[in-house]
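Here is the structure we will look at.
These numbers come from the heavy atoms of this one structure, side chains and all, not from hydrogens, waters or symmetry mates. Chain A is the first sequence line, chain B the second, and so forth, proteins listed ahead of strands; every chain is numbered from 1.
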Amino acid sequence: MISAGKPGQKETTLVWLRDDLRIRDNPALHAATLRDGAVVALYVLDDESDGIRPLGAASRWWLHGSLERLGDALAALGVPLVLRRGRSREVVPAAAIAANAGAVYWNRRYGSAEAAIDRDVETTLTEHGCAVETFAATLLHEPWTLRPASGPHYRVFSPFWKAALDQGEPRKPLGAPDIRNRRAFPLDTDVLADWKLRPTRPDWSGGLAETWRPGEEGARDRLEDFLDGGLEGYAANRDRPDCHATSMLSPHLRFGEISPFQVWHAVRSGEPGNDAEKFLTELGWREFSWHLLFHNPDLASVNFQKKFDAFAWRDDRTSLEAWQRGRTGIPMVDAGMRQLWHSGWMHNRVRMVAASFLIKNLMIDWREGEAWFWDTLVDADAANNPASWQWVAGSGADAAPYFRIFNPVLQGEKFDPEGRYVRTWVPELEGVPDRMIHKPWKAGASGSGGDYPQPIADLGETRRRALSAFKDLPG
DNA sequence: TGTAGTTTCTG
DNA sequence: AGAAACTAC
């Protein structure tokens, strides 16, 4: 039972943090600071509740770093970060009671299992006389505020994004709160290290640590670096994996270390033009994915287009493993898969090429690829990941048509013309001349290096196989 | 944010 | 001959 407190006693406000691991532009935290009394932050590691998708290994690695940074930042504000593990429906009310909280605030989430948990927690807290307030923080547009004239939700990106833009400028970001010198009373907390979010025995995380700095400061630096060049050339170079033309903000956005509102206005305050529009459109795809997931909670497991349910995917563990390990013999695909394994990230263009190879050339179920990305990407996002895989498969909303099959050789020649990207991740190919770098099997004895494998699939043959198989889909 | 095969244009 | 345009998948 939460006591109303002695008359005049200032009540604690509990802020339940989830996918919003930042102190700036955090509406729930900000609102808590406007109240009298202490503020306590809570993070719950919940792998147990029904319908919750446990984090992949790369995401767990990231979470550790992000919580570490967040704990420091909150401590500097005089806000303790309390860590608890277990079912949110029980853990959150228990923490609220222990903190003698008069109010619990959080920023909304949009997965169906998560939203159901949040509704139940709200009910329980309200029954205990605890005030609950929730805020919009993670998406520019609440998924239910955008509605097409007909149908339950948008299925095509362009009209969706047009409707979003018609809603006007997103709100301005909030600054950092300042709430020092309010005494919170001490609450039991888990020790982060005990959660064992980071690998121990074989520590595969070296490449992640080289590449990333989880946390709000790392996010801000990444955004500043990206905007320093004024976005110049983004539209032209964003498809070039051999250039540093993309923002690499995805994992920071995923964990809410930076908000889309901050990104939006940072971009808007710069030079307007095609580069800025193009980049903001990428935020739009993120919004679209969440719009789709909100209206289709099983997006990660069920074909958006039902006619794909009948499709006979190939069961081929050997090829799947070759793909996962970057040993398909197709340089562009292997470079991407190795970049992913090493750094927890893959360039967007290469994601499309690697996914297309798995789905179309190998004809392996897109869910296998989605699951691998979920485990290995630091930006693994519950909406973006399945929406994008279904996009490539052709089973999704506004998806690429079945006959759009990427040729990894042509894609390589177009977007990695000197093979710099491929050579970075596939060192066996170092000695192959530029002309042959994306098709070393044709280089003969002069070229292909060491123990680099022969292609596990003939691109032409498997393309024709996919075309005829997908053509047989009903409708 | 497709490819491949074919036709048509151009120097 | 090679680019550009066109079209089916």
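- Formation of a donor-acceptor pair under 3.5 Å by the A:S343 side chain with backbone atoms of A:L340 is not found in this model.
- Salt-bridge check for A:R338 with A:E428: passed, with a basic side-chain N closer than 4.0 Å to an acidic carboxylate O.
- Under the ring-ring contact (aromatic ring centres under 6.0 Å, His included) rule, A:F288 has a single partner from A:Y154, A:W391, A:W161, A:F160, which is A:F160.
- Electrostatic pairing of A:R317 and A:E368 counts as a salt bridge here, judged by a charged N lying under 4.0 Å from a carboxylate O.
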For a quick check, with a 4.0 angstrom heavy-atom cut-off, what is the B/S/- contact string for nucleotides 1-7 of chain B, read 5' to 3'?
BBBS---
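- Legend: residues meeting ring pair (Phe, Tyr, Trp, His ring centres under 6.0 Å) with A:F294, ordered by chain and number and at least two apart, are A:W144.
- If you check every strand for non-hydrogen atoms under 4.0 Å, A:F470 touches nothing.
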